[in-house]
Every structure is written in structure tokens, then in C-alpha cells.
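First comes the structure, then the notes that go with it.
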Amino acid sequence: DQARQFEEQFTAEIEHFQEGISTQIVLKNHIRIMDWHVSDIDKAIKSAERIVQQLGHSNVEINREFDPQWRSYLRWAS
């Protein structure tokens, strides 16, 4: 499916260049929520937007959050 294509391509790109890691993928109410921790948020957003455009996705929301202590991940993991 399209969400999985995006997930695989974006994760491969940021991990290949050692710019981030995928921290959690959740499917809830037919919505896939994907979180990554990245070193350069602006570059990551541009990469994500480029991949979305290349894949022709139309129903994508990209958000950012500054979380240097990984609180959102730790809440999810506990």
C-alpha cells in the first residue's frame, strides 16, 4: 500500500545517510502514524515531502515536534 511504500523509502533514506531512525509505527482507526527521530528536521521534512510527491500520495499530513529527551517515544514504549 502507499503508506508502506512511503515508510520504507523514507526510512531507508534517513538511515542510509545516518540522519535518523524510525522509532514507532502505529496503525490506529485506519490511520498509520509514523515517528522518526532525525538530526536535521528541515532536511527530513523536505525529503518526506519529496517522497510523498514522487509516490503521488494525496492524503498525507507531516508534522514536527522537538523532543530531544524522546518523551513521546518513552510514553509509547512504556
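- Applying the side-chain hydrogen bond (donor to acceptor under 3.5 Å, both in side chains) criterion to Glu61, with sequence neighbours excluded, gives Asn63.
- Listed by chain and number, the residues in a side-chain hydrogen bond (donor to acceptor under 3.5 Å, both in side chains) with Gln54 are Gln9 (sequence neighbours excluded).
- At a threshold of 4.5 Å between side-chain heavy atoms, the hydrophobic network of Ile, Leu, Val, Met, Phe, Trp and Tyr places Ile51 and Ile41 in one connected group.
- Under the rule for a side-chain hydrogen bond (donor to acceptor under 3.5 Å, both in side chains), the partners of Arg32 that lie at least two apart in sequence or sit in another chain are Asp1, Glu7.
- With rounding to the nearest 0.5 Å, the separation of OG1 in Thr23 from CH2 in Trp36 is 9.0 Å.
- Checked against salt bridge (charged side-chain N to carboxylate O under 4.0 Å, His left out), Glu8 has no partners two or more places apart in sequence or in another chain.
- In this structure, CD1 in Ile62 is found 5.5 Å from CZ in Phe6, a value given to the nearest 0.5 Å.
- Hydrophobic clustering (ILVMFWY, side-chain heavy atoms < 4.5 Å, transitive): Met34 and Val60 are in one cluster.
- Judged by distance alone, with hydrogens and angles left aside, the side-chain atoms of His57 form a donor-acceptor pair with the main-chain N or O of Gln2 at under 3.5 Å.
- The CZ atom of Phe17 lies 8.5 Å from the OG atom of Ser47; values are rounded to the nearest 0.5 Å.
- Here the CD1-OG distance, from Ile14 to Ser39, works out to 8.5 Å after rounding to the nearest 0.5 Å.
- Applying the salt bridge (charged side-chain N to carboxylate O under 4.0 Å, His left out) criterion to Arg64, with sequence neighbours excluded, gives Asp42.
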Identify all side-chain donor-acceptor contacts of residues 24-31 below 3.5 Å with residues at least two apart in sequence or on another chain.
from: Gln24; atom 1: OE1; to: Trp76; atom 2: NE1; distance (Å): 3.2
from: Gln24; atom 1: NE2; to: Asp35; atom 2: OD2; distance (Å): 2.8

